[in-house]
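Take a look at the structure below.
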Amino acid sequence: MNRAGQTNIISILLMGIKAEDYPPYQKTLSEWAYTQVGFHRYRPNAPAAETYEQALRFLDRFIDEAAQRGLTLRHRLDAQSVIWALKGNRDEEGSSDEGVAPPDFQTLSDDLLLPVSFLDEIATLLNEKNQVIFQGPPGTGKTYVAQSLANHLAGLMGSVELVQFHPSYAYEDFVQGFRPVLVNGHAGFELRDGPLLSAADRARNEPNARHFLIIDEVNRANLGKVLGELYFLLEYRSEKIRLQYQEEDAEPFSLPKNLFIIGTMNTADRSIALVDLALRRRFSFVEFDTSKEPIKGLLRRWLDANGLSHMKWVADVVDRANEKLADGRPEGRHASIGPSYFMRKDKEDNPSLDPADAERIWKYDVRPYIEERLYGQHGRLGEFDFDALRRGPAPSDGAVENEEQQGHGEATDDDAGVNDAPA
């Protein structure tokens, strides 16, 4: 039995004490209410008792907030009834359309400074395959865009959860596995769901909402070890399969169609950037390429939008450095410098960038990255001097020669004018 079922049974038994104080627990109702007001949900894999206790605390807070607004609720059962009525009205109005494409991306476009067409295309890919991966070098805003887009698409009814993969991440961390616990003072093990099963459970219990799982740095883990049976389920959403740790009498698992997955992948580190073809077939890949729009012009747009147009020379510095890092090779784009290094905010959360900031960012954030990329090519580091990049390329020999010839020609014309003058 899953935790939602355990919590439900606990609440029903407690109703025998006093239903007004211990109303029946309903997972879908509780999580919907948490989402509406930004209430912090219970931690993943929390015990049933902790989940129910938090639901009761939420109802107590709901009663207090209602009283401050002139609405008297006698007890927790009253509060739950009001929440149920509110959710019922929303369901009748229709909380969500099928798929993930919202009616308007303009607000999100204005916030991210990315074109509506770019965001709409990602939504189309999610509709078609349910899972995408944003790939590109560091500093291109992959994680930020993934979170912003997921929150926009999920709306008030859905949910967004983020996990980050790393080399020690395993199937037991992501899908399901046994974890040590104390049982009556003795060490034991308990089967616990990972973030994937938790997200799938939420999506299955709220079929009219869109739920998102963001996997940051997806290529830093051993994907074959972490994903296991998901290779099959990611491709066949309508199929079911028995998971590695499921009991024989348990219902086989499937991925709900309203659960969407967005991964981010750093392509700068070639030692981790390779993803097997089986996974590539199951995901659509969206390139965050600094040499192409919309990422190429993002820093200039950000500077313009925030009244920092006088700092647009910083975008020129970044472009010149990226050209040198690419060194004429198509794969060189994976080594480029992303715009978000310079898209900074001050302590008051206001966009802020001045020449001193730019130079400091270059010295302590960008320059070490370049040194790492050019390991063993110490002679090239001089090409990435900040002041030299700001001045721009020196004129070529041909340009200097043409300029001298042009000046000489002008003098000759003056001489001819003097010679032609009447004596």
Side-chain angles (χ1 to χ4, degrees), residues 43-45 112 114 122 125-126 129-151 153-154 159-177 193-200 211-231 233-234 255 259-290 295 298 325 331-341 343 365-366 368-373 375:
R43 58 188 175 88
N45 304 316
L112 298 178
L114 297 173
I122 297 173
L125 294 173
L126 285 166
K129 196 171 280 190
N130 277 82
Q131 49 254 356
V132 302
I133 287 179
F134 297 165
Q135 63 175 5
T140 48
K142 300 180 295 295
T143 303
Y144 184 78
V145 173
Q147 290 179 295
S148 300
L149 181 63
N151 280 302
L153 295 171
S159 67
V160 178
E161 182 174 357
L162 184 144
V163 298
Q164 186 177 65
F165 280 5
H166 48 78
S168 63
Y169 213 69
Y171 178 94
E172 289 76 12
D173 301 303
F174 185 56
V175 183
Q176 189 180 51
D193 294 343
L196 176 77
L197 261 64
S198 297
H211 298 266
F212 287 80
L213 180 63
I214 299 173
I215 306 175
D216 198 32
E217 302 286 2
V218 65
N219 55 329
R220 286 195 174 274
N222 182 336
L223 293 178
K225 181 179 179 182
V226 172
L227 298 180
E229 305 92 346
L230 296 184
Y231 273 90
L233 295 173
L234 287 169
L255 283 176
L259 174 62
F260 303 91
I261 299 174
I262 303 177
T264 71
M265 188 172 86
N266 175 14
T267 57
D269 189 345
R270 301 306 296 166
S271 66
I272 64 168
L274 299 179
V275 174
D276 63 69
L277 294 178
L279 189 70
R280 285 192 176 275
R281 193 175 72 249
R282 289 158 172 81
F283 282 80
S284 294
F285 284 75
V286 179
E287 191 78 33
F288 279 58
D289 188 344
T290 60
I295 305 302
L298 180 58
L325 286 170
E331 66 274 14
R333 70 184 189 279
H334 297 307
S336 59
I337 302 161
S340 64
Y341 281 102
M343 296 166 65
D365 296 340
V366 178
Y369 168 73
I370 294 174
E371 291 176 353
E372 179 73 18
R373 295 301 305 176
Y375 182 77

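Note that this is a predicted model, so its numbers are computed, not measured.
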If you round to the nearest 0.5 Å, how far is [atom2] of [Y] from [atom1] of [X]?
| X | Y | atom1 | atom2 | value |
| --- | --- | --- | --- | --- |
| Leu298 | Thr290 | CG | OG1 | 11.0 Å |
| Ile262 | Leu213 | CD1 | CG | 9.5 Å |
| Leu227 | Tyr171 | CG | OH | 10.0 Å |
| Arg220 | Ile215 | CZ | CD1 | 15.0 Å |
| Ile370 | Asp365 | CD1 | CG | 11.0 Å |
| Arg282 | Leu233 | CZ | CG | 10.0 Å |

Just by modelled atom types, is the [Y] backbone N or O under 3.5 Å from a matching donor or acceptor in the [X] side chain?
| X | Y | answer |
| --- | --- | --- |
| Gln131 | Leu234 | yes |
| Asp173 | Ala170 | yes |
| Tyr341 | Pro138 | no |
| Lys142 | Gln135 | no |
| Thr264 | Glu217 | yes |
| Lys225 | Tyr169 | no |

Indicate the atoms forming the closest heavy-atom contact of [X] with [Y], along with that distance.
| X | Y | result |
| --- | --- | --- |
| Ser336 | Tyr369 | O-OH, 3.4 Å |
| Leu125 | Ser284 | CD2-OG, 3.9 Å |
| Ser340 | Gly139 | OG-O, 2.7 Å |

Any [X] side-chain heavy atom under 4.5 Å of [Y] side chain:
| X | Y | answer |
| --- | --- | --- |
| Arg280 | Ile133 | no |
| Pro339 | Thr140 | yes |
| Asp216 | Phe165 | no |
| Asn130 | Ile261 | no |
| Phe212 | Ser159 | no |
| Leu230 | Phe174 | yes |
| Val163 | Ile214 | no |

Checklist entry - Does the side chain to side chain contact (heavy atoms under 4.5 Å, CB included) test come out yes or no for Leu196 and Gln176, once each step is laid out? => result CA-CA 8 Å; Leu196 176 77; Gln176 189 180 51; over 6 Å; no
Checklist entry - Will you find, in the side chains of Asp193 and Ser198, an N or O donor that is under 3.5 Å from an N or O acceptor? => result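 There is no such pair (donor and acceptor under 3.5 Å, judged by atom type) between the side chains of Asp193 and Ser198.
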Next on the checklist: With ring pair (Phe, Tyr, Trp, His ring centres under 6.0 Å) as the test, pick out the partner of Phe134 among Phe288, Phe285, Tyr144.
Outcome noted: Phe288
Checklist entry - Is Glu372 atom CD crowded by more than 12 heavy atoms from other residues, nucleotides or ligands, each under 6.0 Å away? => result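 Counting other residues, nucleotides and ligands, CD of Glu372 stays at 12 neighbours or fewer.
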Checklist entry - Knowing that exactly one of Leu153, Val160, Leu112, Thr143 qualifies, which makes a side-chain contact (heavy atoms from CB on, under 4.5 Å) with Ser148? => result Leu112
